[in-house]
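A short worksheet on the structure shown next.
Just so it is clear: chains get the letters A, B, ... in the order the sequence lines come, proteins before strands, and each one is counted from 1. The structure presented is a predicted model; accordingly, all values stated were derived computationally and were not measured.
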Protein chains: 2
Amino acid sequence: MSDELLRALDQAGVRLTGPRREIAALIAKRNGHFTAADLIADASKRRLGVGRATIFRLLDLLAEQGLVERVDLPDGRHAYVPCEPSHHHHLVCVSCGAIAEVDDCGIDAVTAEASRRSGFSIESHRLELFGRCPNCRSAN
Amino acid sequence: MSDELLRALDQAGVRLTGPRREIAALIAKRNGHFTAADLIADASKRRLGVGRATIFRLLDLLAEQGLVERVDLPDGRHAYVPCEPSHHHHLVCVSCGAIAEVDDCGIDAVTAEASRRSGFSIESHRLELFGRCPNCRSAN
DNA sequence: GATTGATCCGATACTTAGTCTCATTAGAGT
DNA sequence: ACTCTAATGAGACTAAGTATCGGATCAATC
């Protein structure tokens, strides 16, 4: 539900305005990733009269709070994924768009090794996994 | 040098045209990542009369051949990195933009573990590491 | 419940990234 | 040199995202 998003926003000290509630509901209604364009389309379909800018602003805000994360799809588009604010990675189903979160399962060893070999100090990383979720695997 | 790019293009069975040679030279002259906009700016600065579309077309072509790879910078911009056509990952210096390639150092174990936990079948992944290169580390 | 002032809003103009079309040009094999 | 196809530049177009601004709205205080 959207309650979680709203609660987190409240806690972040920002206003719980009408448009924000509506957009949060739209996000909650999607399961899996979505693009800004998806939300804009949803909003206009329901004639919620929220502006494009407001949607981008809220997405920025949510991303800042770690409630949503930007994901780059294999085709180069930008999508967002609602998620826990802890560090983790995403598994994206290329067939239906469902997502799963995976926490660090050994990636630190990889970055340490890469750092050792290259001499770089590694500050952050981005790992995205693309595949097919259990549903889509069996449906095929 | 740009010879490598040109040789690879030749081998791919496409024409080695003037604009392609010029753009390849621009790419070779940069060390590290670059954006399409960078190339467009370079080209116009030198008044090589090559069109925007031509640059995007060549980038697509190079990406198809694996001679260049798309990287998503932490700020959400799209960049390209010239590289070997084998599977590998990139280490990007957030300070100067230099890049290093790292081959798979244990990432398969991570994807296998993620697959086991989530039930997804994993088809591909994208790993990008951001940090500071040895030069920038010592310069600081 | 009214006041109030900062936050947030929608509209809209603008910028940037990338795609498409099409008439013209120029490779490269013959 | 000829020819035929792939590639080109120009420029229109679309999509994604940002900036600005006057007006609206939330929520703390009274």
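Contact check on A/Asp72 versus A/Arg126 returns a salt bridge, with a Lys/Arg side-chain nitrogen under 4.0 Å from an Asp/Glu carboxylate oxygen. In this structure, B/Glu113 pairs ionically with B/Arg116, as a charged nitrogen and a carboxylate oxygen lie closer than 4.0 Å. The existence of a salt bridge linking A/Asp42 and A/Arg30 is confirmed by a sub-4.0 Å separation between a basic side-chain nitrogen and an acidic carboxylate oxygen.
Between the A/Arg21 side chain and the A/Leu16 main chain, a donor and an acceptor come within less than 3.5 Å of each other. Under a 3.5 Å cut-off, the side chain of A/Arg137 and the backbone N or O of B/Gly119 do form a donor-acceptor pair. Judged by distance alone, with hydrogens and angles left aside, the side-chain atoms of A/Gln65 form no donor-acceptor pair with the main-chain N or O of A/Ala8 at under 3.5 Å. Of the possible polar contacts, none joining the A/His90 side chain to the A/Val71 backbone as a donor-acceptor pair under 3.5 Å is found.
Distances shorter than 4.0 Å separate none of the side-chain N or O atoms of B/Arg57 from OP1 or OP2 on C/dC20. Note on A/His78: every side-chain N or O is 4.0 Å or more away from OP1 and OP2 of D/dA15.
Taking CD of B/Glu22 as the start and OG1 of B/Thr17 as the end, the distance is 8.5 Å to the nearest 0.5 Å. Taken from CZ in B/Phe56 to CG in B/Leu61, the straight-line distance is 15.0 Å, to the nearest 0.5 Å.
With rounding to whole Å, A/Leu58 atom CG is found 17 Å from C/dT7 atom P. B/Phe56 places its CZ atom 15 Å from the C1' atom of D/dA12, with the value rounded to the nearest Å. In this structure, B/Asp60 atom CG and D/dA7 atom P are separated by 13 Å, rounded to whole Å. Atom CZ in A/Arg77 sits about 15 Å away from atom C1' in D/dT14, given to the nearest Å. The distance from atom CZ of A/Arg20 to atom C1' of D/dA24 is 14 Å, rounded to the nearest whole Å. Taking atom CG of residue B/Leu62 and atom P of nucleotide D/dA7, one finds them 12 Å apart after rounding to whole Å. The distance from atom CG of B/Leu9 to atom C1' of D/dA6 is 14 Å, rounded to the nearest whole Å. Counting to the nearest Å, the P atom of C/dG27 and the CG atom of B/Leu6 are 14 Å from each other.
Using a 4.5 Å heavy-atom cutoff, the side chains of A/Glu69 and A/His89 are not in contact. Contact annotation: the side chain of B/Arg70 approaches that of B/Tyr80 to within less than 4.5 Å [non-hydrogen atoms, C-beta and beyond].
Of the residues in residues 36-47 of chain A, not one comes within less than 4.0 Å of DNA chain C through any heavy atom. The stretch residues 63-70 of chain B touches DNA chain C through B/Arg70, each having a heavy atom within less than 4.0 Å of the strand.
Taking the side chain of A/Ala53 as heavy atoms from C-beta on, and the options C/dC8, D/dA7, C/dT12, the nearest nucleotide is C/dT12. Nearest nucleotide to the B/Arg52 side chain, out of D/dG9, D/dT18, C/dT19: C/dT19.
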Task: Sugar-phosphate or base contact per nucleotide [nucleotides 25-30 of chain D; S, B, -; heavy atom under 4.0 Å] - done: BBS---
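For the residue pair B/Thr111 and B/Asp108, no side-chain donor N or O sits within less than 3.5 Å of a side-chain acceptor on the partner.
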